[in-house]
Asker: 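Shown below is the structure under consideration.
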Number of protein chains: 2
Amino acid sequence: MYVRCAACPLRLKPVFVQKTEQEVALIEEWKSDHLRLSEGTEFIHPDQSRSELYTLFAGWAYRYKELSDGRRQILNFVLPGDLIGLQSSMFGKSFYGAVALTDVELCQLPRRKFRRLFERMPELAYDVTWLGSRSESVVDENLLTAGRRGAAEKIAALFASLYKRAETLGLLVDGVLEMPLTQQHIADALGLSLVHTNKTLAKLRAQNLFTLAEGQLVVKNLRSMSRLAQHFEEDIAPRPII
Amino acid sequence: MYVRCAACPLRLKPVFVQKTEQEVALIEEWKSDHLRLSEGTEFIHPDQSRSELYTLFAGWAYRYKELSDGRRQILNFVLPGDLIGLQSSMFGKSFYGAVALTDVELCQLPRRKFRRLFERMPELAYDVTWLGSRSESVVDENLLTAGRRGAAEKIAALFASLYKRAETLGLLVDGVLEMPLTQQHIADALGLSLVHTNKTLAKLRAQNLFTLAEGQLVVKNLRSMSRLAQHFEEDIAPRPII
DNA sequence: CGCACTATTGATGTATTTCAAGCCAAGTGG
DNA sequence: CCACTTGGCTTGAAATACATCAATAGTGCG
């Protein structure tokens, strides 16, 4: 059940910076729990203060904010190896919520030990900062998408970006990405209505750049897809994992 | 000309965590230059690697990204005390650009000393991470705005947010905020066209929630403004400054 | 079976963009 | 001094992208 960092299969993937045994031992010392949550569980609540810092070990999640009348914006999707909950660790409360998109496993890193990290484990502290920075760069790109891309470009940019991230993580099986998003999630991530998302998806499918059925995404021509989206950023590798 | 950290007036403001003399000395040791740039200068260039880490000492700036056909999205506005350039310090290159909106002064913090910060000055490293997190939370909110607020709400949210930030910084003079944004900047920050921004501004002015003329913004009813925008976040204080 | 959730499609309404023109103030070169 | 440009702001009209309303259909589930 419990996954020890020393025996962690995720951190062995080539995307990640490989740590020494000693470093891994430090991380293991920090890690306080290995959580398994089922699909749909909200594990960080807006405006509340209970949440810890987590590394997503398996599954997908997303961060979101919403307006008081219910309009919802997904800020970014969280994939294995990503750190989540840094803001609440620093400010004591979270301005966003986070929800498991599939069943997930989370490595819990208690925030009460967070402050001392900077004195005792500077390497790790650096990695936390690095991951926080990368997370911001993802949100930057999503803001560009929401603000300045048209509906078709938005969808293309989202798919291109997820596909590239999944590829770096070795998550593609014969080019197929198991993508647990409903059209409502896609709409909420892109700032579109559900109906318009559906119609734009239909038009895009006709262009034959990708196939998407039953949660299986295959991008057949990543180059054209990226061109359509004007999306040219690659995922950063190697990167740290905690 | 050169502003020594020990004699820095900015850090004395009540918004900021007051540091001990010793801590300030450490910051001063890190600081390598005090730059003065004129309005319009781009001091961080997308995809390039020359930029350092900076604290904005005086003036306004903004971060932006753009698509290859010229569509531009302003990611956030940078006010005195804000840290900028963290991404380039971590990744070696920047995915965004940064431009001075007014004449500005920047405290330059060379990134070659950045890594060692974590070993030698853990307090400072913590503050850097803190400021990085806050920066992300600002972008989060801007993404919510771009994705899910209508035009009038967008403008109201932007003005409410800037006004609140300025207030915490003590930048208001008799309730007047000297705001160096053109309508094009507002449009680019909100994901609107210039024309629609202008027309929406006209409609909003008719509602008498604020006045804006010649770069002087006065929010007459911040409560109503925030309600219209559904913007309820306060700026975080006290906060660190480097 | 009924219920909830997801995808789909057509019709209609509206928000926003684009195009086009004009205005004003400030700067610049003759 | 003027003629001329430039940047920012403003306005109207037309085009379009996107949202909303409404209805249907398939799927899994208690």
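Keep in mind that the numbers below use all heavy atoms, side chains included, and drop hydrogens, waters and symmetry copies. Quick note on labels: first sequence line is chain A, next is B, and so on, each numbered from 1. Small disclaimer: the values here were computed from a predicted structure and weren't measured.
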Asker: Considering residues at least two apart in sequence or located in another chain, which fulfil the side chain to side chain contact (heavy atoms under 4.5 Å, CB included) criterion with B/D69?
Answerer: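 Result, side chain to side chain contact (heavy atoms under 4.5 Å, CB included) vs B/D69: A/Q230, B/L67, B/R71.
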Asker: Between A/H185 and A/A202, which has a closest nucleotide on DNA chain C that is more 5'?
Answerer: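 Here A/H185 is the residue nearer the 5' end.
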Asker: Side-chain N or O of A/N198 less than 4.0 angstrom from OP1 or OP2 on C/dA7?
Answerer: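 Checking A/N198 against C/dA7: no side-chain N or O falls below 4.0 Å of OP1 or OP2.
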Asker: Side chain of A/S226, backbone of A/F232: donor and acceptor closer than 3.5 Å?
Answerer: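 Side chain of A/S226 to backbone of A/F232: no pair is present.
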Asker: What is the nucleic acid contact for A/R205, judged by heavy atoms within less than 4.0 Å: base, sugar-phosphate only, or nothing?
Answerer: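 Sugar-phosphate contact only - A/R205 comes under 4.0 Å of backbone atoms but never of a base.
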Asker: Round to the nearest Å and state the distance from B/K199 atom NZ to C/dT18 atom P.
Answerer: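 So the NZ-P distance, B/K199 to C/dT18, works out to 13 Å.
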Asker: Give the rounded distance in Å between these two atoms: CZ of A/R149 and P of C/dT16.
Answerer: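 Whole-Å distance recorded here is 21 Å.
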Asker: Under 4.0 Å, counting only non-hydrogen atoms across every strand here, what does B/L192 touch: a base, just sugar-phosphate, or nothing?
Answerer: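 B/L192: backbone/sugar contact only, no base atoms under 4.0 Å.
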Asker: B/P14: what forms a side chain to side chain contact (heavy atoms under 4.5 Å, CB included) with it, not counting sequence neighbours?
Answerer: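 If we apply the side chain to side chain contact (heavy atoms under 4.5 Å, CB included) test to B/P14, skipping adjacent residues, there are no hits.
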Asker: Considering only side-chain heavy atoms of B/A151, which listed nucleotide, C/dT16, C/dT18, C/dT6, is closest?
Answerer: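 So the side chain of B/A151 is nearest to C/dT16.
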Asker: So what does A/G191 touch, heavy atoms closer than 4.0 Å: a base, only the sugar-phosphate, or nothing?
Answerer: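 Sugar-phosphate, backbone atoms only, no base.
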Asker: So B/T182, base contact, sugar-phosphate only, or nothing? Heavy-atom distance under 4.0 Å.
Answerer: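 Since only primed, P, OP1 and OP2 atoms lie under 4.0 Å of B/T182, the category is sugar-phosphate.
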Asker: Where does the chain A footprint on DNA chain D start and end, counting 5' to 3' with a 4.0 Å heavy-atom cut-off?
Answerer: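 Listing 5' to 3', DNA chain D meets chain A from D/dC18 to D/dC21.
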Asker: For A/Q184 and C/dT6, give me the distance from atom CD to atom C1', rounded to whole Å.
Answerer: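 Between C1' of C/dT6 and CD of A/Q184: 10 Å.
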Asker: For B/D188 and C/dT17, give me the distance from atom CG to atom C1', rounded to whole Å.
Answerer: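 Atom CG in B/D188 sits about 14 Å away from atom C1' in C/dT17.
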Asker: Can you list the steps and then say if B/Y96 with B/Y64 is a ring pair (Phe, Tyr, Trp, His ring centres under 6.0 Å)?
Answerer: CA-CA 6 Å; B/Y96 59 84; B/Y64 76 94; 8.5 Å; no
Asker: How many Å lie between CZ on B/R148 and P on C/dA15, as a whole number?
Answerer: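 The answer, rounded to whole Å, is 16 Å.
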Asker: May I ask you to decide if the ring planes of A/H185 and A/Y62 are parallel, tilted or perpendicular, using 30° and 60° as cut-offs?
Answerer: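 Aromatic pair A/H185/A/Y62 classed tilted.
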Asker: Please give, in whole Å, the distance from C/dT16 P to B/I186 CD1?
Answerer: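 Distance, rounded to whole Å: 16 Å.
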Asker: Between B/R223, B/Q207, B/R149, which is the residue that forms a side chain to side chain contact (heavy atoms under 4.5 Å, CB included) with B/L228?
Answerer: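 Single side chain to side chain contact (heavy atoms under 4.5 Å, CB included) partner of B/L228 among B/R223, B/Q207, B/R149: B/Q207.
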Asker: Would you mind reading off the distance between A/L194 atom CG and C/dC5 atom P, rounded to a whole angstrom?
Answerer: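 That distance rounds to 14 Å.
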Asker: Measure from the side-chain N and O atoms of A/T41 to the backbone N and O of A/F43, and report whether any donor-acceptor pair falls under 3.5 Å.
Answerer: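 Pair absent, no side-chain N/O of A/T41 close to backbone of A/F43.
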